[in-house]
Asker: 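The structure is given below, and queries will be raised subsequently.
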Amino acid sequence: MTHRREFLQMTTASLFGLSLLPKRRSFKLTISNPIKPLVISTWDFGLQANAAAWEILNNGGRALDAVEAGVRVPEADPNIQTIGLGGLPDRDGHVTLDACIMDEHGNAGSVACLEHIVHAISVARKVMEKTPHVMLAGEGALQFALSQGFQKQNLLTPASEKAWKEWLKKADYHPVINIENQLAPATPNTMPGNSFNHDTIGMLAIDQQGNLSGACSTSGLAFKMHGRVGDSPIVGAGLFVDNEVGAATATGVGEANMRICGTHTVVELMRQGYDPEQACRLALERLVNKDPDYARSIQLAFLAVRKDGTIGAYALQKGFRYAVYTPDVPNELRESKSFY
Ligand code: GLY
């Protein structure tokens, strides 16, 4: 409880414009030799996505165009059962997509619970560029997409329908680690032995002008309740870009991430002077400290890049991989450190 004297002190301080907040760690990022262009993205399917983004970055294109082109690759791949076409449906059989995009000016667009449109990321970009809003959801998002010329199609592939019908036999819903992966077959884009190869494509890029953008897209948790929206379309949870500081994206159980506004937290920690890996770890630590049993039972991972091109990642569980493409690193997979 605030006592009267403290309250008066606070009021007096506010009146004179004095801040009672602790002094911020002083940090000034010096960029002497930035790494650019650069693109990073989550999971093994990030390799193919990076290759598409690199085409644009290497030709002097804008980071925003690169991340949109990159994310469209797994969205169109019917063998990837956690994004776009062929995504595993909700428990009622609907494939519903979440996506978000942010540019170097801090503009953002997102769609949530979007059905029947493969390239949710491109609809998110249209929301950013053609509407006065940041997010459109459900039927409204679909109507908007159709008005912009996107084609309606069935996203439920025979393989995903079969997995859903198999699941319906027990209809036993436990949002545990890798529920998607337990049901999804290996895809041509996966590498053997990667038990966490699932979930969201999150992509961050720096172009030759040194500007940052980011994008993410997912069909969300397999067999979720109809209407469930995850972290991916939420600015500051699934994705956050600040062109002065850096950018971050997330993969894993969205419910856990939304509670800590994960990617906003990561970027703010980088602003305070933490490097990207430390920032990703510290953001996850909030979850680990608050609810260790829950944190131990799920996967959640962050991937971040600082304005100077320094890259970092951290995960709750082992097995989170991400793809890196820079002038010196021709598209390779790396594995992050983890708590458990
Ligand atoms: N991270 C994706 C989701 O929870 O929907």
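Note that ligands are numbered from 1 as they come in the structure, with each ligand's atoms numbered from 1 the same way.
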Asker: N/O of Thr218 under 3.5 Å from N/O of ligand 1, yes or no?
Answerer: no
Asker: For the CD1 atom of Ile83 and the OG1 atom of Thr200, what is their distance to the nearest 0.5 Å?
Answerer: 7.0 Å
Asker: Just heavy atoms, cut-off under 4.0 Å: does Ser232 contact ligand 1 by side chain, backbone, both, or neither?
Answerer: side chain
Asker: If you measure every N/O of Gly252 against every N/O of ligand 1, is any gap under 3.5 Å?
Answerer: yes
Asker: Taking N or O atoms only and a 3.5 Å limit, does Gly254 qualify as a polar contact for ligand 1?
Answerer: yes
Asker: Can you sort out which atoms of ligand 1 are near Gly230, meaning under 4.0 Å from one of its heavy atoms?
Answerer: 5 (O)
Asker: Tell me, please: is Asp98 in heavy-atom contact with ligand 1, that is, under 4.0 Å?
Answerer: no
Asker: Return yes if a side-chain donor-acceptor contact under 3.5 Å exists between Arg72 and Ser122, otherwise no.
Answerer: yes
Asker: Using a strict cut-off of 4.0 Å, indicate which atoms of ligand 1 neighbour a heavy atom of Asp199.
Answerer: 1 (N), 2 (C)
Asker: Which protein heavy atom lies closest to atom 5 (O) of ligand 1, and at what distance to 0.1 Å?
Answerer: Arg228 NH1, 2.7 Å
Asker: Salt bridge between Arg281 and Asp275, side-chain N to carboxylate O under 4.0 Å?
Answerer: no
Asker: To the nearest 0.5 Å, how far apart are NZ in Lys126 and CD in Gln148?
Answerer: 5.5 Å
Asker: Is Asp231 close to ligand 1, meaning an N/O of one under 3.5 Å from an N/O of the other?
Answerer: yes
Asker: Taking distance alone, with N or O pairs closer than 3.5 Å, would you say Thr200 contacts ligand 1?
Answerer: yes
Asker: List, one per line, each side-chain donor-acceptor pair under 3.5 Å for residues 133-146, sequence neighbours excluded.
Answerer:
{"residue": "Glu139", "atom": "OE2", "partner": "Gln143", "partner atom": "NE2", "Å": "2.6"}

Asker: Any Lys/Arg nitrogen of Arg321 or Asp44 sitting under 4.0 Å from an Asp/Glu carboxylate oxygen of the other?
Answerer: yes
Asker: Would you mind listing every salt bridge (Lys or Arg N to Asp or Glu O under 4.0 Å) that reaches into residues 327-340, with sequence neighbours excluded?
Answerer: Glu277-Lys337, Glu332-Arg334
